[in-house]
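Just so we're clear, the structure is a prediction, and the values are computed from it rather than from any experiment.
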Amino acid sequence: MKEKLIRRLNKVKAFLDSSYAEQKEQQDSIKKVLKKLKQKQKSLEKELDDEKSKRRRAELQDEIAIIKERRKKGIQALQDLNGKPSE
């Protein structure tokens with residue numbers, strides 16, 4: 001837990017040391033990735049609804065779970081960059 005806090009503080013420090021344009025670029029980049037992940041998640045969920053094979057459904061559910069975790073981490077990183085407190 002302590003290492004995680006140190007890493008986050010280092011990220012925030014690096015962010016604060018960079019120029020505003022670089023900060024905005026990082027935020028925009030993360031937002032684009034989050035948007036693509038959300039689109040991919042919705043696509044997989046739609047495919048899951050149509051799928052009949054139990055094996056393929058399990059694979060799709062695993063992929064969706066991975067994407068959800070990635071989005072969660074991305075949102076957390078964006079909040080850290082914005083200086084918002086995490087939950």
Side-chain angles (χ1 to χ4, degrees):
M1 183 71 178
K2 188 175 180 181
E3 292 176 9
K4 188 176 183 180
L5 179 61
I6 291 171
R7 279 186 280 155
R8 283 193 178 162
L9 288 174
N10 286 337
K11 285 182 182 180
V12 171
K13 183 179 182 294
F15 182 73
L16 293 174
D17 290 343
S18 63
S19 71
Y20 177 76
E22 290 172 344
Q23 293 174 5
K24 188 68 175 161
E25 186 177 319
Q26 286 177 332
Q27 290 172 347
D28 291 343
S29 175
I30 291 173
K31 286 179 183 179
K32 285 179 186 178
V33 170
L34 288 173
K35 188 173 183 175
K36 285 182 182 181
L37 284 172
K38 188 172 188 174
Q39 290 172 347
K40 178 72 173 175
Q41 180 181 341
K42 286 185 181 234
S43 169
L44 290 174
E45 287 172 347
K46 186 175 181 180
E47 188 177 337
L48 178 65
D49 290 340
D50 297 337
E51 187 60 49
K52 300 199 186 301
S53 167
K54 287 184 181 182
R55 183 176 179 190
R56 179 65 180 145
R57 288 180 64 82
E59 290 173 359
L60 289 172
Q61 288 172 337
D62 289 343
E63 286 183 54
I64 291 169
I66 291 169
I67 289 174
K68 284 182 180 180
E69 284 301 313
R70 287 181 181 168
R71 286 186 60 223
K72 188 176 179 180
K73 287 181 182 180
I75 290 168
Q76 182 62 49
L78 190 59
Q79 288 176 344
D80 288 345
L81 291 175
N82 288 332
K84 294 181 182 175
S86 59
E87 296 177 10

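Checked options Lys46, Gln39, Lys38; the residue passing with Lys42 is Lys38 (criterion: side-chain contact (heavy atoms from CB on, under 4.5 Å)). Checked against Leu81 for a side-chain contact (heavy atoms from CB on, under 4.5 Å), the options Gln76, Gln26, Lys11 give a single hit: Gln26.
For Glu47, the salt bridge (Lys or Arg N to Asp or Glu O under 4.0 Å) criterion is met by Arg56, not counting sequence neighbours. Under the side-chain hydrogen bond (donor to acceptor under 3.5 Å, both in side chains) criterion, Arg57 pairs with no residue at all, not counting sequence neighbours. Annotation: side-chain hydrogen bond (donor to acceptor under 3.5 Å, both in side chains) contacts of Glu51 (sequence neighbours excluded): none.
The CG atom of Asp80 sits 12.0 Å away from atom CD1 of Ile75, with the distance rounded to the nearest 0.5 Å. Note that the CG atom of Asp28 and the NZ atom of Lys24 stand 5.0 Å from one another [nearest 0.5 Å].
Put simply, the side chain of Glu45 reaches to within 4.5 Å of the side chain of Gln41, judged on heavy atoms. Looking only at side-chain heavy atoms (C-beta outward), Arg7 and Lys4 come within less than 4.5 Å of each other.
The hydrophobic cluster containing Leu60, built from Ile/Leu/Val/Met/Phe/Trp/Tyr side-chain heavy atoms closer than 4.5 Å, also comprises Val33, Leu37, Leu44, Leu48, Ile64, Ile67.
Here the closest non-hydrogen pair linking Ile30 and Ala77 is CD1-CB, 4.4 Å.
A salt bridge (Lys or Arg N to Asp or Glu O under 4.0 Å) check over residues 66-75, counting only residues at least two apart or in different chains, returns nothing.
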